[in-house]
Amino acid sequence: MPEARTWQFRWWRNAPREQRRTVRFVAASAVTGLVVATGAVAAAGPWDSGQRKAERARAAAGPATGGERHAGPRRPLAAPVLAPLDGQSGARGGKSGHAAAPAPTRDGLTDTLKPLLEGDGLGPDRSASVVDVATGEQLYGADQDTAYTPASTVKLATAAAALSALGPDHRIDTTVVTGQDGIVLVGGGDPTLTARQGTADASLRTLADATARALKARGTARTKLMYDTSRYSGPAQHVIGPNENIAPLSALMIDEGRQDDSDRGPAERSADPAADAAGEFASLLRERGVEIDGDPSGGSASAKAERIAVVSSPPLSALVERALTNSDNDIAEALARQTALASGQPASFEGAAKAVTDRLSKLGLPMSGARIADGSGLDRADQVSAALLSRLLARAADPGHPELRPVLTGLPVAGFSGTLRSRYADEAGSALSAGRGVVRAKTGTLTGVNSLAGTAVDADGRVLAFAFMTTGSADPEGAQRALDRLATAVAGCGCR
């Protein structure tokens with residue numbers, strides 16, 4: 001029906017700008033993220049860290065949309081107002097079916113992005129890469145193959161490696177096993193283990209309930225308690241030293257070692273998270289009628305020890321979303337170590353770095369000049385290129401890699417969630433307001449380092465992955481605004 005397709009595009013071209021933005025926002029939100037060939041996937045994820053004020057923005061938890069199926073007569077489908085977000089064919093008749101969303105041209109994107117990349121606000125080192133998610137083709141590049149310090153955008157690499165190694169359904173166990181003189185609390189590396197009241201998947205209180213029941217069933221009302229952190233190896237302290245953005249790394253900790261009631265952002269941290277967790281566990285057991293002899297002590301559980309209680313983390317998909325949306329450094333480092341364990345490497349900084357690097361290589365990503373030094377991006381020794389980040393995001397939308405989808409669903413939504421909640425002005429007519437809701441991106445911020453990597457649905461409904469990086473800026477707020485302008489330009493561009 002050529003007349004119908006012509007009408008669709010005429011309506012889109014002539015529609016008021018605000019109406020087009022509304023339709024794009026609804027389309028982008030409804031399909032949650034981006035799935036090549038079948039549509040897009042985009043959902044809000046949960047959580048981020050605190051290198052700067054923007055990194056401390058609290059995440060907005062938005063309700064997920066869902067639908068119900070009702071029985072009824074089948075009717076012909078109306079022609080779509082917008083082309084499919086996969087930028088290729090319609091649901092049924094291939095390219096001869098519904099019209100595809102046109103891809104921007106290299107020249108069009110260059111004319112739009114080059115002046116912004118060369119403008120004020122960014123540091124002397126600037127790089128950019130924009131990739132068509134449907135085809136994997138790079139549509140714009142500027143120094144895209146040079147590796148720079150990525151800051152927290154390296155969490156995208158950590159997340160993709162963990163999902164590739166373990167799958168989105170993997171959970172991390174914290175267990176209690178029998179010991180020679182009592183019981184042993186064995187840390188599995190779950191940073192979400194919590195001692196707080198609530199209904200968390202990994203609750204130390206739930207573990208204490210199950211342990212107390214098991215001991216009483218055995219006729220045991222008094223025991224010794226040891227704790228085992230042997231799953232991790234190497235230095236516990238991050239190279240940046242004691243810091244409010246990350247706790248010492250341990251296979252056993254509660255509430256990320258936080259010394260207050262926060263669950264994200266900067267906070268004073270425990271100097272010995274494992275000992276604190278074991279001490280809290282002993283107190284919980286005493287409250288449940290089990291007497292603990294003395295203070296808990298460190299040790300190792302026997303490989304043949306009997307498991308008497310266990311709690312598990314949320315699935316890895318949820319951990320990835322939490323790590324990306326709020327840039328959670330503790331979870332990111334845990335994901336890197338879980339990748340190491342799954343790859344037969346020591347669960348140390350060095351072993352995790354090798355495991356993550358190997359997994360990214362196996363995904364076929366451009367690794368020239370890349371160096372992974374940690375899982376969180378707090379280490380300035382991290383080096384990745386804009387091409388690596390943009391192609392990683394495109395790979396996460398590839399139907400051939402459904403295990404990587406949480407990399408997309410965990411991206412903060414511009415103006416709404418995570419580290420992008422307080423960015424992108426909400427006033428009508430703002431230069432950045434056009435990016436609200438249609439840009440999703442991971443932020444990266446260290447002193448003199450700013451980066452932004454994510455996805456956007458452009459003015460024609462095409463899904464694009466982008467990465468923008470800069471170093472050496474003396475104006476962090478100005479650099480952030482400049483990166484946001486670049487992402488907004490991608491979202492607002494038909495660019496042909």
Side-chain angles (χ1 to χ4, degrees), residues 45-50 59 152 154-155 158-159 161-163 165-166 170-175 185-196 198 200-207 227-238 242-278 280-281 310-342 347-349 352 356 374-378 406 410:
W47 322 63
D48 212 304
S49 99
S152 279
V154 85
K155 290 183 175 74
T158 304
L163 290 164
L166 293 157
H170 177 76
R171 294 175 186 260
I172 306 169
D173 290 344
T174 303
T175 61
L185 175 62
V186 182
D190 177 13
T192 68
L193 183 66
T194 179
R196 297 170 184 167
D201 288 321
S203 168
L204 197 67
R205 294 173 181 270
T206 301
L207 188 62
Y227 58 94
D228 183 345
T229 62
S230 61
R231 201 151 197 238
Y232 282 7
S233 59
Q237 194 69 64
H238 193 280
N243 192 279
E244 64 179 4
N245 289 306
I246 190 169
L249 272 68
S250 173
L252 176 64
M253 64 167 62
I254 51 173
D255 301 305
E256 299 183 341
R258 295 173 181 273
Q259 300 298 283
D260 58 20
D261 61 357
S262 66
D263 61 6
R264 66 199 74 181
E268 182 182 351
R269 306 302 181 105
S270 168
D272 191 347
D276 287 354
E280 181 65 23
F281 189 60
V310 60
V311 292
S312 301
S313 73
L316 196 73
S317 57
L319 298 185
V320 163
E321 289 177 339
R322 177 170 170 175
L324 295 180
T325 305
N326 282 3
S327 200
D328 192 299
N329 297 310
D330 302 275
I331 295 179
E333 295 295 353
L335 292 173
R337 276 164 171 66
Q338 294 297 318
T339 304
L341 291 167
S348 62
F349 281 107
V356 170
D374 70 355
S376 61
L378 290 172

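Basis for what follows: all heavy atoms, side chains included, without hydrogens, waters or symmetry-related copies.
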Who pairs with Asp173 by salt bridge (Lys or Arg N to Asp or Glu O under 4.0 Å), at least two apart in sequence or on another chain? Arg307

Nearest non-hydrogen partners of Leu335 and Ala323, listed with the distance: CD1-CB, 4.2 Å

Checking Asp255 side chain against Ala195 main chain: does a donor-acceptor pair fall under 3.5 Å? yes

Minimum heavy-atom separation for Thr339 to Ala162, with atom names? OG1-CA, 3.1 Å

Across all chains, not counting sequence neighbours, the salt bridge (Lys or Arg N to Asp or Glu O under 4.0 Å) partners of Asp374 are none

side-chain hydrogen bond (donor to acceptor under 3.5 Å, both in side chains) partners of Ser317, counting only residues at least two apart: none

Find the distance between OG (Ser233) and CZ (Arg337) and round it off to the nearest 0.5 Å. 7.5 Å

When every non-hydrogen atom of Val320 is compared with those of Ala159, the smallest separation belongs to CG1-CB, 3.6 Å

What residues, two or more places apart in sequence or in another chain, satisfy ring pair (Phe, Tyr, Trp, His ring centres under 6.0 Å) together with Tyr227? none

Which heavy-atom pair separates Ala332 from Thr158 by the least distance, and what is that distance? O-CG2, 3.3 Å

Run Thr206 and Asp201 through side-chain contact (heavy atoms from CB on, under 4.5 Å) and show every step you take. CA-CA 9 Å; Thr206 301; Asp201 288 321; over 6 Å; no

With Asp330, which residues qualify under salt bridge (Lys or Arg N to Asp or Glu O under 4.0 Å), at least two apart? Arg269

To the nearest 0.5 angstrom, please state how far the CZ atom of Arg258 sits from the OG1 atom of Thr194. 11.0 Å

Beyond-backbone contact of Thr325 with Arg264, side-chain heavy atoms, under 4.5 angstrom: no

Can you check whether Arg231 reaches Gln338 side chain to side chain, under 4.5 Å on heavy atoms? yes

Sequence neighbours excluded, which residues qualify as ring pair (Phe, Tyr, Trp, His ring centres under 6.0 Å) partners of His238? Phe349

Can you name the closest pair of heavy atoms from Ala334 and Gly189 and give their distance? CB-O, 3.7 Å

Got Leu252 and Leu193 here, is their nearest side-chain heavy-atom distance under 4.5 Å? yes

Checking side-chain contact (heavy atoms from CB on, under 4.5 Å) against Ile246, which of Glu256, Glu333, Gln237 comes through? Glu333

Do Thr174 and Leu185 come within less than 4.5 Å of each other through their side chains, counting heavy atoms only? yes

With side chains defined as the heavy atoms from C-beta onward, is the minimum distance between Leu319 and Pro314 less than 4.5 Å? yes

So, Thr192 and Asp190: side-chain donor and acceptor under 3.5 Å apart, yes or no? yes

Does the side chain of Asn243 reach to within under 4.5 Å of the side chain of Asn329, using non-hydrogen atoms? no

Can you check whether Pro315 reaches His170 side chain to side chain, under 4.5 Å on heavy atoms? no

Ala340 and Ala347: which non-hydrogen atoms are nearest, and at how many Å? CB-CA, 4.2 Å

